[in-house]
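Only heavy atoms go into these numbers, but all of them, side chains included; no hydrogens, no water, no symmetry mates.
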Amino acid sequence: MTGADPLTDLWVYLNTTPLFWLWVTLMAYLVGHALHVKARGAPLVNPVAIAVGLIIALLWATKTSYEHYFEGAQFIHFLLGPATVALAVPLFENLGRVRRVLIPMTAALVVGSIVAAASAMILGKLMGASPEVVLSLAPKSVTSPIAMGISESIGGLPRLTAALVILTGILGAILVTPLMDRLGIRDYQARGFAAGLAAHGIGTARAFQVHPIAGAFAGIGMGLNGLVTTVVVAVLVAVLT
């Protein structure tokens, strides 16, 4: 401590502790969640979007690099792996329901995976994006651990892919409920599966807020999409690049 500026000294001290950024991440989400509850679950008041905005503002204001932030927040990133594996639980618990809708669910899975990856890559190419950016766009609808692995294996930019995954999830979580309501889709199995397929973990979290069955099928869609997209992207890369 220098004593010249107590607030600056305190910030320098805290900033050297990696767990500080883990604490900041958790607090930012709790703020977002509190606002979400206060807004009675309104889709536009998304806790993840609020948390991301708060953290970006703090990093920008303090001129803190993402690398330094990630040193502390990487524990949350590590937990994404076990959380993804745990998606086998809703699949097991709803095997009976899955069997009854297996054919339409499989069709939706294949078509959804192809459209999600192909549309992103084609739009990226039409807008003049570099080859690395186009490849980074391909797995945007898959949960982060899988998406970053796919991106790295095909020559994309894993960090850019991670950001696109988060953006996709936030937009999906905000739009999925009003869109399904407007389209008149009332089946929670279909609503949930679509949310998990298009908006991965963030969409799945939103689906659980709407209905338990929607959440279960969102988890199933999220997990299966990661598997199918791995194959789909490999084919699309060979065709489109």
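Rounding to the nearest 0.5 Å places CG of Leu102 at 4.0 Å from OG1 of Thr106. Separating the OG1 atom in Thr204 from the CG atom in Leu197 is a distance of 10.0 Å, to the nearest 0.5 Å. Between atom CG of residue Leu30 and atom CG of residue Leu35 there is a gap of 11.0 Å, rounded to the nearest 0.5 Å. The line from CG of Leu22 to CE of Met27 is 9.0 Å long, rounded to the nearest 0.5 Å. Taking CG from Asn225 and CG from Leu227, the interatomic distance works out to 9.5 Å, rounded to the nearest 0.5 Å. Distance check: Ile50 CD1 to Ile55 CD1 gives 12.0 Å after rounding to the nearest 0.5 Å.
Here salt bridge (Lys or Arg N to Asp or Glu O under 4.0 Å) pairs that include residues 176-192, with residues two or more places apart or in two chains, are Asp181-Arg186, Asp181-Arg191. Pairs of residues two or more places apart, or lying in two chains, that qualify as side-chain hydrogen bond (donor to acceptor under 3.5 Å, both in side chains) and include a residue from residues 30-48 are His36-Gln209. Pairs passing the salt bridge (Lys or Arg N to Asp or Glu O under 4.0 Å) check and including a residue from residues 147-163, sequence neighbours excluded, read Glu67-Arg159. Sorted by first and then second residue, the pairs that involve residues 197-229 and meet ring-ring contact (aromatic ring centres under 6.0 Å, His included), not counting sequence neighbours, are Tyr188-His211.
Applying the side chain to side chain contact (heavy atoms under 4.5 Å, CB included) rule to Ala39 yields the partners Ala42, Val45; only residues at least two apart in sequence or on another chain are considered. Take Thr230 and apply the side-chain hydrogen bond (donor to acceptor under 3.5 Å, both in side chains) test, not counting sequence neighbours, and it matches no residue.
Val165 places none of its side-chain heavy atoms less than 4.5 Å from the side chain of Thr143. Side-chain contact between Ile146 and Pro139: absent, with no pair of heavy atoms (C-beta onward) separated by less than 4.5 Å. Counting heavy atoms from C-beta outward, Leu137 and Leu164 have side chains that approach closer than 4.5 Å. Taking the side chain as every heavy atom from C-beta outward, Ile202 and Arg206 never approach each other to under 4.5 Å.
Met180 and Met105 are members of different hydrophobic clusters when ILVMFWY side chains are connected at heavy-atom separations under 4.5 Å. In the hydrophobic clustering of ILVMFWY residues, with side-chain heavy atoms under 4.5 Å counting as a link, Val239 and Met121 come out together. Tracing side-chain contacts under 4.5 Å through hydrophobic residues (I, L, V, M, F, W, Y), one never reaches Val31 starting from Val37; they form parts of separate clusters. Residues Val210 and Ile220 are members of one and the same hydrophobic cluster, defined by side-chain heavy-atom contacts under 4.5 angstrom among Ile, Leu, Val, Met, Phe, Trp and Tyr. Residues Ile114 and Val228 share a hydrophobic cluster, clusters being chains of Ile/Leu/Val/Met/Phe/Trp/Tyr side chains in contact below 4.5 Å.
Between the Thr229 side chain and the Gly226 main chain, no donor and acceptor come within less than 3.5 Å of each other. Formation of a donor-acceptor pair under 3.5 Å by the Ser151 side chain with backbone atoms of Leu157 is found in this model.
By the 6.0 Å contact criterion, CG on Leu183 is enclosed, its count of non-hydrogen atoms from other residues, nucleotides or ligands being greater than 12.
Nearest approach of Ala173 to Ala199, heavy atoms of both residues: N-CB, 4.4 Å. Heavy-atom minimum distance, Met148 versus Pro158: CG-O, 3.7 Å. Heavy atoms only, all atoms of each residue included: Val233 and Ala117 are closest at CG2-CB, 4.2 Å. The two residues Leu160 and Ser136 make their nearest non-hydrogen contact at CD2-CB, 3.9 Å. Heavy-atom minimum distance, Ala207 versus Ala218: CB-CB, 3.7 Å.
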**Request:** Apply side chain to side chain contact (heavy atoms under 4.5 Å, CB included) to the pair Leu135 and Val237, showing each step before the final yes or no.
**Result:** CA-CA 8 Å; Leu135 294 174; Val237 169; 3.8 Å; yes
**Request:** Might you work through the side chain to side chain contact (heavy atoms under 4.5 Å, CB included) test for Val101 and Phe193, ending with a clear yes or no?
**Result:** CA-CA 11 Å; Val101 295; Phe193 192 76; over 6 Å; no
**Message:** Run the side chain to side chain contact (heavy atoms under 4.5 Å, CB included) test on Tyr69 and Thr25 for me, step by step, so that the C-alpha distance in whole Å, both residues' side-chain angles and the decisive distance to 0.1 Å come before the verdict.
**Reply:** CA-CA 10 Å; Tyr69 161 77; Thr25 303; 2.8 Å; yes
**Request:** Start with the C-alpha distance between Leu59 and Trp21, add both sets of side-chain angles, then the distance that settles side chain to side chain contact (heavy atoms under 4.5 Å, CB included), and finish with yes or no.
**Result:** CA-CA 10 Å; Leu59 294 178; Trp21 290 106; 3.7 Å; yes
